[in-house]
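Read the structure below first, then the notes.
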Amino acid sequence: MTDTRILASAVEDSVKLRGLSPQSVWMDREDGLVKGVRRCGAIYRAIDARRPFTLLDVGCGPGFAVPYLEETFGDACVGYLGVDISVPLIAAAKASWPAHSFAVRDIVADPLPGLSYDHVILSGVATAKLSLTQAEMEAFVMAILTSAWGAARLSLSFNVMSTHVDWMRDDLFHWPMDSAADFCVKHLSRHFNILADYELYEYTVQVFRSPRAASTVPQGWQRPISSP
């Protein structure tokens with residue numbers, strides 16, 4: 001089985017070198033905070049802030065989703081769990097955000113209970129493959145998305161690097177949109193959106209348990225219309 005722990009180790013090494021900050025965790029080469037806001041805006045777009053919700057954050061690292069959630073959704077987030085396979089990153093998360101729940105957990109080997117959280121997100125988990133091959137990374141992404149979907153009551157959101165770029169990096173996971181869509185339809189749900197409107201060279205996939213509610217049929221469609 002492919003050792004995907006190298007993905008977490010890369011973040012741990014970056015934090016050791018640069019200190020604990022969003023920039024060191026996300027490893028953007030420039031404008032990390034601005035890109036982080038854009039990325040979060042897409043990842044959390046499936047959430048309806050008008051009603052309380054629970055959230056599972058897979059690959060949460062040291063928990064930098066927490067301040068975004070608190071400042072964007074306030075008290076609407078009534079239950080949060082961040083999980084990661086990295087022991088030091090989870091320790092940092094617990095120390096920084098003691099009011100929230102974090103756990104060291106590999107959800108592929110140890111899945112969460114079915115339909116246990118309203119929304120599940122994977123932010124940055126499937127963007128870098130580092131020394132993994134494309135096939136190894138694709139297999140890992142499919143496995144972790146399948147497990148994450150099992151815990152999602154309403155939606156699952158994840159981001160990957162796009163192939164519609166000026167150039168591709170060997171250390172990043174560029175997944176064709178058609179491949180992501182095909183996987184969603186066959187293994188998750190046919191109700192999904194692909195968001196590529198937030199400027200970064202990546203895209204976010206929102207997968208839903210149920211289709212969006214239909215609008216009311218306009219009255220003008222229902223009454224007889226005279227022929228010209």
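Heavy atoms only: backbone and side chains are in, while hydrogens, waters and symmetry mates are out.
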Could you check if a side-chain atom of [X] sits within less than 4.5 angstrom of a side-chain atom of [Y], using non-hydrogen atoms only?
X      : Y      : result
Phe192 : Gln206 : no
Ser157 : Val205 : no
Ile90  : Phe102 : yes
Asn159 : Ser123 : yes
Arg209 : His191 : no
Asp57  : Leu81  : no
Phe53  : Arg153 : no
Thr163 : Met168 : yes

Could you tell me whether Tyr80 and Tyr117 have their ring centroids closer than 6.0 angstrom?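 They do not qualify: ring centres at least 6.0 Å apart.
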
Strictly distance-based, threshold 3.5 Å: is any side-chain N or O of [X] a donor or acceptor partner for the main-chain N or O of [Y]?
X      : Y      : result
Ser116 : Pro113 : yes
His174 : Arg169 : yes
Glu71  : Tyr68  : no
Ser24  : Ser21  : yes
Lys129 : Asp170 : yes
Ser9   : Arg5   : yes
Arg105 : Gly82  : no

Of all heavy-atom pairs between [X] and [Y], which one has the smallest distance, and what is that distance?
X      : Y      : result
Thr4   : Leu132 : CG2-CD1, 4.1 Å
Ala10  : Met27  : O-SD, 3.9 Å
Ile6   : Ser131 : CD1-OG, 3.1 Å
Ala46  : His119 : O-CE1, 3.9 Å
Ala8   : Ser86  : CB-CB, 4.3 Å
Asp118 : Pro52  : OD2-O, 4.2 Å

Heavy atoms from other residues, nucleotides or ligands near CZ of Arg18 exceed 12 (cutoff 6.0 Å):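 More than 12 heavy atoms, drawn from other residues, nucleotides or ligands, come within 6.0 Å of this atom.
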
Asp110 CG: over 12 foreign heavy atoms closer than 6.0 Å: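 Yes, because the 6.0 Å sphere around CG of Asp110 holds more than 12 heavy atoms from other groups.
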
Tell me yes or no: between the side chains of Tyr198 and Thr204, is some donor less than 3.5 Å from an acceptor?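 The criterion, which ignores hydrogens and geometry beyond distance, is satisfied for Thr204 and Tyr198.
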
Scan side-chain atoms only and decide if His100 and Glu70 contain a donor-acceptor pair under the 3.5 Å cut-off.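 His100 vs Glu70: donor-acceptor pair found between side chains.
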
Do the ring planes of Phe158 and Trp175 sit parallel (below 30°), tilted (30 to 60°) or perpendicular (above 60°)?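 Geometry flag for Trp175 against Phe158: tilted rings.
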
Quick one, Val78 with Thr54, criterion side chain to side chain contact (heavy atoms under 4.5 Å, CB included). Give me CA distance, side-chain angles, the key distance, then yes/no. CA-CA 6 Å; Val78 296; Thr54 57; 4.0 Å; yes

Cluster link [X] to [Y], ILVMFWY, side chain under 4.5 Å:
X      : Y      : value
Tyr44  : Val120 : no
Leu130 : Leu122 : yes
Val11  : Ile107 : no
Ile43  : Leu145 : no
Val160 : Leu7   : yes

One pair to check against side chain to side chain contact (heavy atoms under 4.5 Å, CB included): Trp26 and Lys35. What are the steps and the verdict? CA-CA 9 Å; Trp26 301 332; Lys35 291 178 180 177; over 6 Å; no

Lys/Arg-Asp/Glu bridge criterion (N-O < 4.0 Å) met for Arg38, Glu202: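 No.
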
Is the closest basic N to carboxylate O distance between Arg39 and Asp28 below 4.0 Å?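 Salt bridge between Arg39 and Asp28, a charged N being under 4.0 Å from a carboxylate O: yes.
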
If I take atom [atom1] from residue [X] and atom [atom2] from residue [Y], how far apart are they, to the nearest 0.5 angstrom?
X      : Y      : atom1 : atom2 : result
Ser189 : Trp149 : OG    : CH2   : 5.0 Å
Arg212 : Asn193 : CZ    : CG    : 6.5 Å
Leu89  : Asp84  : CG    : CG    : 5.5 Å
Ser14  : Gln23  : OG    : CD    : 10.0 Å
Leu154 : Ile47  : CG    : CD1   : 10.0 Å
Asp48  : Ser155 : CG    : OG    : 10.5 Å

Transitive ILVMFWY cluster of Trp221 at side-chain heavy atoms under 4.5 Å: who else is in it?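 Val217, listed by chain and number.
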
Run the side-chain contact (heavy atoms from CB on, under 4.5 Å) test against Ala91 and tell me which residues pass, sequence neighbours left out.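 Once residues adjacent in sequence are excluded, Ala91 has no partner under the side-chain contact (heavy atoms from CB on, under 4.5 Å) criterion.
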
Can you check side chain to side chain contact (heavy atoms under 4.5 Å, CB included) on Phe140 and Val125, steps first, answer last? CA-CA 10 Å; Phe140 163 68; Val125 174; 4.2 Å; yes

Report the C-alpha distance between Val108 and Thr146 in whole Å, list the side-chain angles of each, state the deciding distance to 0.1 Å, and finish with yes or no for side chain to side chain contact (heavy atoms under 4.5 Å, CB included). CA-CA 8 Å; Val108 175; Thr146 299; over 6 Å; no

Checking Asp182 now: which residues fulfil side-chain hydrogen bond (donor to acceptor under 3.5 Å, both in side chains) with it, not counting sequence neighbours?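 Listed in chain order: Lys186.
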
